[in-house]
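Down below is the structure, laid out as structure tokens.
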Amino acid sequence: MLELRLVQGSLLKKVLEAIKDLVNDANFDCSATGFSLQAMDSSHVALVALLLRSEGFEHYRCDRNLSMGMNLGNMSKMLRCAGNDDIITIKADDGSDTVTFMFESPTQDKIADFEMKLMDIDSEHLGIPEAEYHAIVRMPSAEFARICKDLSSIGDTVVISVTKEGVKFSTRGDIGTANIVLRQNTTVDKPEDSTIIEMNEPVSLTFALRYMNSFTRATPLSNTVTISLSSELPVVVEYKIAEMGYIRFYLAPKIEEDEEETKPQI
Amino acid sequence: MLELRLVQGSLLKKVLEAIKDLVNDANFDCSATGFSLQAMDSSHVALVALLLRSEGFEHYRCDRNLSMGMNLGNMSKMLRCAGNDDIITIKADDGSDTVTFMFESPTQDKIADFEMKLMDIDSEHLGIPEAEYHAIVRMPSAEFARICKDLSSIGDTVVISVTKEGVKFSTRGDIGTANIVLRQNTTVDKPEDSTIIEMNEPVSLTFALRYMNSFTRATPLSNTVTISLSSELPVVVEYKIAEMGYIRFYLAPKIEEDEEETKPQI
Amino acid sequence: MLELRLVQGSLLKKVLEAIKDLVNDANFDCSATGFSLQAMDSSHVALVALLLRSEGFEHYRCDRNLSMGMNLGNMSKMLRCAGNDDIITIKADDGSDTVTFMFESPTQDKIADFEMKLMDIDSEHLGIPEAEYHAIVRMPSAEFARICKDLSSIGDTVVISVTKEGVKFSTRGDIGTANIVLRQNTTVDKPEDSTIIEMNEPVSLTFALRYMNSFTRATPLSNTVTISLSSELPVVVEYKIAEMGYIRFYLAPKIEEDEEETKPQI
């Protein structure tokens, strides 16, 4: 039997909003450690990894490891029916082919339960090794979202270049070019407004803006985002989930960008 | 001659927004008692009854009973041009085929008059007898609107079941099932937040969510909604209009729901 | 070399939003006096004239007169990437076929530069002689925008009639007629809320609402709008830009309106 009670139910609502457009169907894995998900996006280019640790739940009962296949669009439809202050409980009986989401209003005057059919989904869990990164940028998540959105109005790809002084986001398109530079900046009033760069060596990598924009749907989950870059590795775009875990998005850099640019843009 | 002056003009704007999508054309009936309307929705399934009592108007002159046929879409277009703080006066000369809506800004610096052609509309006034209901639920109107909207993302119909303890709204659809229970609750800070159940006998009835959602367009008119249920009668969904009257929506329950469910859903 | 630094960058953003839907491509003319533009709308019916005086810029360097052809849609895409508190600098090298927009955040932690290709645009500068107008109406810009929008829901043209007592905006359409009268009114708390009429002789002119609505896109630039009317001249709808200049829209009145009305409305 599974029973996971999350007082801050809005977190789960935000998690679904963050990933439902990227991933259609996925297995949620429950174990003593926590509630997690790993899935490729529907075009098999980006990878999403979610972890909500068991300690973050008010009540966490998971008698045996369980993998529950869900359609994220349908799950999101149900979670949208939870109020932002509701307590959400996820329940499943052993061997059942359904999962139940229970929403309790703070005053307990309104109790809703939504039952959803589970799906059989083939998936292999990729081992993601810990890695050393050339550069790690921590910056306000809203600023990162704004930059990705702004650059999308000019071009299709973004070059992210990190030096000790700052991080540069560049694009080019039919109407012109754009460069946005954020300076390292640690002397702000609120720590979450700072831009912090840890750099072992300079790095400059190109990514599809379409995916970057998708990742920024997770912005409501955290004030800051951490971008880890290495020339031989997929970038990791990480949003911490307050005291519970994280959502991490992985995306391989575009290679041979000069060749790419000679091809007609679609 | 007709001249009805309504200081809180926004009420009339809200009334039109509440009914214009449900009813295309309707007769407004003016008498010494008040300004009223009774009309079937365009698919002849639901009935709307509106009453604005003469006492609620600052000035109410109606020399003889008058029935004015109006296109509610056009009337709404005109009323949307009134400011929310405007005083609205409805004027018609005897025998005239037009009606005039006059909007005065609170400072009297802006005066608008909109003249609309009247229509000949056949309609028969249904007598709606006072009835005893098995159960009457009074609840916050915003909560009722939220529940109808939420359930619509899962299914097409709602089962409303009332017991002494509370009222349950249920639906089922392709992606699963949903049950939302509101408990009787009278010990809230604000009386309009309470859910109050008067029950003579338990009742459980099924309705099309499409119509329920339409009725909730009246939510801005009142903080509370009253739902009167009886197994042999149409449900009455009533929004009181502050010290002036009401909008009531009537909808027959769906019968033989089990048979219905075997038919393909559209 | 050209370098124009505008501390209140949001003004330039608002200017582009005001004119980009009316004019596709236009030459911006830079001289020692200021940064200006004059262009016909794409259907060659209305004329836009913009002036931002050099004194309004924090830094204004313009070595020689320069005319820069820009696509306003693309320019607007780039300016939308500037924050509302950003300082905007417009830069161009002599003989260059590009212009650069630089955006600096107030804290200087974020610096963006957007480079756009210039275009060759044929245009002739019309001399607009100073003229005497029969009537000049100054009124709140939001009120003018509201009136144009409201009347558009009823008809296609507006008749603006000015007398000493006030200004009347009228329209007629299939569903009826509308008249909105604003009274001269100078005793308001805030000067920008007043409606002031200077009249030499009464005037009544008809204009296409489609263009009037377009002009009201400039509303965010100024709390007041000035409408100058004369029976032999195009109307001038002017929005002052705080201490820097103005946007003026010119539109010829519709003549023979009675004949027009016998034609089928589109």
Side-chain angles (χ1 to χ4, degrees), chain A residues 137-197 209 212-213 216 223-225 227 265, chain C residues 2-3 9-10 12-14 16-17 19-21 23-28 68-93 96-121:
Chain A
V137 177
R138 212 197 76 184
M139 59 183 285
S141 59
E143 187 66 83
F144 179 63
R146 173 77 200 259
I147 289 171
C148 291
K149 180 172 156 286
D150 283 348
L151 294 184
S152 303
S153 66
I154 312 294
D156 297 325
T157 58
V158 57
V159 182
I160 305 181
S161 312
V162 184
T163 62
K164 277 213 157 55
E165 287 70 37
V167 51
K168 183 167 79 168
F169 301 86
S170 309
T171 195
R172 75 170 49 241
D174 292 344
I175 72 169
T177 63
N179 296 290
I180 300 175
V181 175
L182 284 193
R183 293 189 192 156
Q184 155 119 286
N185 150 14
T186 54
T187 58
V188 289
D189 291 347
K190 288 180 279 180
E192 66 261 34
D193 287 347
S194 61
T195 298
I196 297 169
I197 294 166
L209 273 168
M212 286 291 173
N213 270 310
T216 63
N223 287 325
T224 60
V225 62
I227 305 164
Q265 296 193 1
Chain C
L2 178 87
E3 197 170 303
S10 60
L12 196 62
K13 287 168 64 94
K14 289 177 189 169
L16 261 288
E17 292 308 304
I19 60 178
K20 78 174 170 58
D21 292 335
V23 179
N24 293 337
D25 303 313
N27 285 316
F28 282 88
M68 297 186 292
M70 305 201 201
N71 175 283
L72 299 194
N74 292 344
M75 184 178 171
S76 159
K77 275 187 189 170
M78 291 189 168
L79 290 180
R80 283 183 178 191
C81 300
N84 284 327
D85 300 324
D86 282 5
I87 298 164
I88 297 183
T89 305
I90 304 171
K91 292 187 207 180
D93 287 324
S96 166
D97 64 344
T98 63
V99 60
T100 298
F101 304 105
M102 191 174 83
F103 312 140
E104 298 165 71
S105 71
T107 57
Q108 299 288 326
D109 289 329
K110 181 180 176 187
I111 313 268
D113 54 274
F114 284 69
E115 192 180 277
M116 188 174 78
K117 278 241 175 67
L118 294 174
M119 311 166 68
D120 275 321
I121 300 170

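Chain identifiers are assigned alphabetically (A, B, ...) following the order of the sequence lines, protein sequences preceding nucleic acid strands; residue numbering begins at 1 within each chain.
Interface residue A/I154: only side-chain heavy atoms are found under 4.5 Å from chain C. Residue contact with chain C, scored on non-hydrogen atoms closer than 4.5 Å, is absent for A/Q184. Within the 4.5 angstrom heavy-atom criterion, atoms from both the backbone and the side chain of A/N179 approach chain C.
Rounded to the nearest 0.5 angstrom, A/L182 CG and C/S105 OG are separated by 8.5 Å.
Within residues 108-118 of chain C, the residues approaching chain A closer than 4.5 Å by heavy atoms are, in numerical order, C/Q108, C/D109, C/K110, C/I111, C/A112, C/D113, C/F114, C/E115, C/M116, C/K117.
Residues passing the side-chain contact (heavy atoms from CB on, under 4.5 Å) test with A/K164, sequence neighbours excluded: A/M199. Listed by chain and residue number, nothing satisfies the ring pair (Phe, Tyr, Trp, His ring centres under 6.0 Å) test with C/F101 (two or more places apart in sequence, or in another chain). Not counting sequence neighbours, the partners of C/N27 by the side-chain contact (heavy atoms from CB on, under 4.5 Å) test are C/D29, C/S67, C/I121, C/S123.
Looking only at heavy-atom pairs under 4.5 Å with chain A, the residue among C/T107, C/T98, C/N74 that has the most is C/N74. Contact count against chain A (heavy-atom pairs under 4.5 Å) is highest for C/M78 among C/M78, C/M102, C/M75, C/R80.
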